[in-house]
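Below is one structure, written out as structure tokens, with a few remarks after it.
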Amino acid sequence: DFPEKMMLTKNLYPLYADCNPTVKPKLDQLAIRDYLLGVRKTIPWNLEAKKVYSGWMEFKDNMLLLRYADLGKNYEIAPLAEFSGYMTTGIFVWRKGKYSLGFKGGSNFEFHNHNDVGHYVFAKGDTPMLIDAGNTIYKMNTFHGGKRYDNKLRSSYGHALPVINGECQIPGEGTDAVVLAADKDHAVLDIKAAYNVPDLKKLVREVKFSDAGVLTVTDSAELEKAGTFAVAVITLGEWKQIAPGKLEISDADWVLDMEINASGKYEITDELLDEDNLWGRKIRRILITFTEKDKKFNLSTKFTERNK
């Protein structure tokens with residue numbers, strides 16, 4: 001059930017880790033899955049004792065060959081549920097009319113991981129508005145000398161995540177999110193373990209997703225002694241401040257109103273991340289930074305799409 005449970009729409013996936021913007025379900029493989037599960041009653045089989053070509057895989061010698069080059073031609077993906085996910089690891093997807101939201105718990109010990117525990121993606125139809133950059137272009141030095149996470153888009157830095165005492169998330173074991181609550185309208189994750197910040201006592205992220213497709217992300221943090229706190233927002237769009245505590249983020253096909261509610265004074269900065277990526281565009285990191293040190297922080301960002 002993974003292919004459908006992870007879809008934002010039938011044509012769009014959240015691009016966690018090393019996914020790329022063109023990723024789509026392979027309909028031929030879904031047809032084979034349905035046959036093996038008994039959902040589909042018939043499927044063509046063929047036994048050949050020579051090298052043959054089947055869709056995109058080559059087989060040779062005496063192998064039972066599944067000819068599936070055309071199995072997905074008329075395949076229809078079933079309607080997607082309003083809410084799906086994996087309660088143990090904290091990977092969730094909500095679909096509300098034309099809007100969808102993906103929220104990632106998991107851990108930073110996953111294969112191809114980008115240190116992204118607590119990251120989220122928000123889309124209108126098949127168009128992502130708040131994004132995960134997904135895969136970046138690999139180069140000869142990508143894995144040389146432990147430099148994988150020097151790339152900003154392949155690390156916590158390039159994701160919509162908190163920064164605590166100047167520290168982003170760390171890779172490796174013991175970084176798992178803990179699911180505190182989840183249902184068809186919201187989820188709460190404890191993401192403290194993803195940070196190597198000795199003074200950090202609490203870090204909880206909650207997402208709420210209304211039936212109208214309004215997204216609210218709330219971060220609550222507590223430190224042993226006064227420190228710094230910031231939260232990033234990741235998008236392909238541009239932004240401008242339209243009123244105190246209110247931003248407009250927009251791209252060619254959409255406009256998001258972003259409302260900020262914070263427990264203290266803050267400033268807003270942004271940066272275009274120019275690492276090579278598969279979108280063919282620079283990705284924008286908007287950063288909301290509390291300007292005064294404190295032991296407790298609470299930051300809520302509310303996103304509402306409106307007509308352009």
Do the side chains of L130 and I234 get nearer than 4.5 Å, heavy atoms only? no
Taking the side chain as every heavy atom from C-beta outward, state whether V93 and S84 have any pair of such atoms under 4.5 Å apart. yes
Say you draw a straight line from OG1 of T127 to NZ of K124; how long is it, rounded to the nearest 0.5 Å? 7.5 Å
Would you indicate whether the side-chain heavy atoms of L299 and V217 approach each other to under 4.5 Å? no
Is E222 salt-bridged to K192, cutoff N-O under 4.0 Å? no
Please report the closest heavy-atom contact between G106 and V117, naming both atoms and the distance. O-CG2, 3.9 Å
Do N11 and D126 pass the side chain to side chain donor-acceptor pair (under 3.5 Å) test, and can you show the C-alpha distance, the side-chain angles, and the key distance before you say yes or no? CA-CA 6 Å; N11 297 306; D126 295 336; 3.3 Å; yes
Close side-chain approach of K5 to Y86, heavy-atom, < 4.5 Å: yes
Please evaluate residues D34 and Y75 with respect to the criterion side chain to side chain donor-acceptor pair (under 3.5 Å), reporting the C-alpha separation (whole Å), side-chain torsions for both, the decisive distance (0.1 Å), and the verdict. CA-CA 11 Å; D34 289 353; Y75 188 91; 2.5 Å; yes
Would you call K202-D190 a salt bridge at under 4.0 Å N-O? no
Lys NZ or Arg CZ of K41 over Y35 ring: under 6.0 Å, within 45°: no
Do V207 and L15 share a hydrophobic cluster (ILVMFWY, side-chain heavy atoms under 4.5 Å, transitive)? no
With D270, which of R285, K240, R284 fulfils salt bridge (Lys or Arg N to Asp or Glu O under 4.0 Å)? R284
If every non-hydrogen atom of L8 is compared with every non-hydrogen atom of Y13, which pair is closest and at what distance? CD1-C, 4.0 Å
Can you give me the closest heavy-atom contact between M258 and I288, atom names plus distance? CE-CD1, 3.4 Å
Full working for side-chain contact (heavy atoms from CB on, under 4.5 Å) between F229 and T289: CA-CA 6 Å; F229 191 76; T289 304; over 6 Å; no
salt_bridge(K96, E82) N-O dist < 4.0 Å: yes
Can V23 be reached from L153 by stepping across I, L, V, M, F, W or Y side chains whose heavy atoms are under 4.5 Å apart? yes
Residue E76 excluded, over 12 heavy atoms near CD under 6.0 Å: no
Looking at R306 and L256, would you say the former's side chain and the latter's main chain have a donor-acceptor pair under 3.5 Å? no
Salt bridge between D116 and K104, side-chain N to carboxylate O under 4.0 Å? yes
Run the numbers on F209 and H186 for side-chain contact (heavy atoms from CB on, under 4.5 Å), then give the verdict. CA-CA 6 Å; F209 197 38; H186 88 301; over 6 Å; no
Between H114 and D18, does the side chain to side chain donor-acceptor pair (under 3.5 Å) criterion hold? Intermediate values first, please. CA-CA 8 Å; H114 285 183; D18 281 346; 2.7 Å; yes
Within a 6.0 Å radius of atom NZ on K302, are there more than 12 heavy atoms belonging to other residues, nucleotides or ligands? no
Quick check: does any side chain N or O of T175 sit under 3.5 Å from a backbone N or O of A194, one acting as donor and the other as acceptor? no
Classify the angle between the aromatic ring planes of F303 and F122 as parallel (below 30°), tilted (30 to 60°) or perpendicular (above 60°). tilted
N20 side chain reached by L278 side chain, heavy atoms, under 4.5 Å: yes
Are K208 and D185 close enough that some pair of their side-chain heavy atoms sits under 4.5 Å apart? no
Test log, rule side-chain contact (heavy atoms from CB on, under 4.5 Å), inputs V204 and V188: CA-CA 7 Å; V204 172; V188 185; 3.4 Å; yes
For E4 and R95, work out which heavy atoms get closest and say how close. O-NH2, 3.1 Å
Assess the residue pair L189 and F103 against the criterion (side-chain contact (heavy atoms from CB on, under 4.5 Å)); give the C-alpha distance rounded to whole Å, side-chain angles, the decisive distance to 0.1 Å, and a yes or no. CA-CA 10 Å; L189 297 179; F103 185 34; 3.5 Å; yes
Taking atom types as modelled, is there a side-chain donor on E167 or Y195 under 3.5 Å from an acceptor on the other? no
Please answer: with hydrophobic residues joined when any side-chain heavy atoms are less than 4.5 Å apart, are Y266 and V233 in the same cluster? yes
So how far is it from L223 CG to N165 CG, rounded to the nearest 0.5 Å? 5.5 Å
Side-chain touch I164/T228, heavy atoms, less than 4.5 angstrom: no
What distance do F109 atom CZ and E173 atom CD have between them, rounded to the nearest 0.5 Å? 4.0 Å
Would you say that more than 12 heavy atoms from the other residues, nucleotides or ligands in this model lie under 6.0 Å from the NZ of K10, or not? yes
Any side-chain heavy-atom pair of T235 and I283 under 4.5 Å: no
State yes or no: do L30 and F2 share one hydrophobic cluster built from I, L, V, M, F, W and Y residues joined by side-chain heavy-atom distances below 4.5 Å, directly or via other members? yes
On a heavy-atom basis, the closest approach of T9 and G125 is CG2-O, 3.2 Å
Determine whether L12 and I91 fall in the same hydrophobic cluster, where Ile, Leu, Val, Met, Phe, Trp and Tyr are linked whenever their side-chain heavy atoms lie under 4.5 Å apart. yes
Would R205 and S220 count as a side chain to side chain donor-acceptor pair (under 3.5 Å) here? Give the steps. CA-CA 7 Å; R205 167 163 283 188; S220 302; over 6 Å; no
Taking atom CD as the centre, does Q241 end up with more than 12 heavy-atom neighbours from other residues, nucleotides or ligands that are less than 6.0 angstrom away? yes
Does the distance from a Lys or Arg side-chain N to an Asp or Glu carboxylate O, for D251 and R281, drop under 4.0 Å? yes
Can you give me the closest heavy-atom contact between A193 and D176, atom names plus distance? CB-O, 3.7 Å
Does this structure show an ion pair linking K152 with E271, if we count only N-O contacts that are shorter than 4.0 Å? yes
From CE (M7) to CD1 (I77), nearest 0.5 Å: 3.5 Å
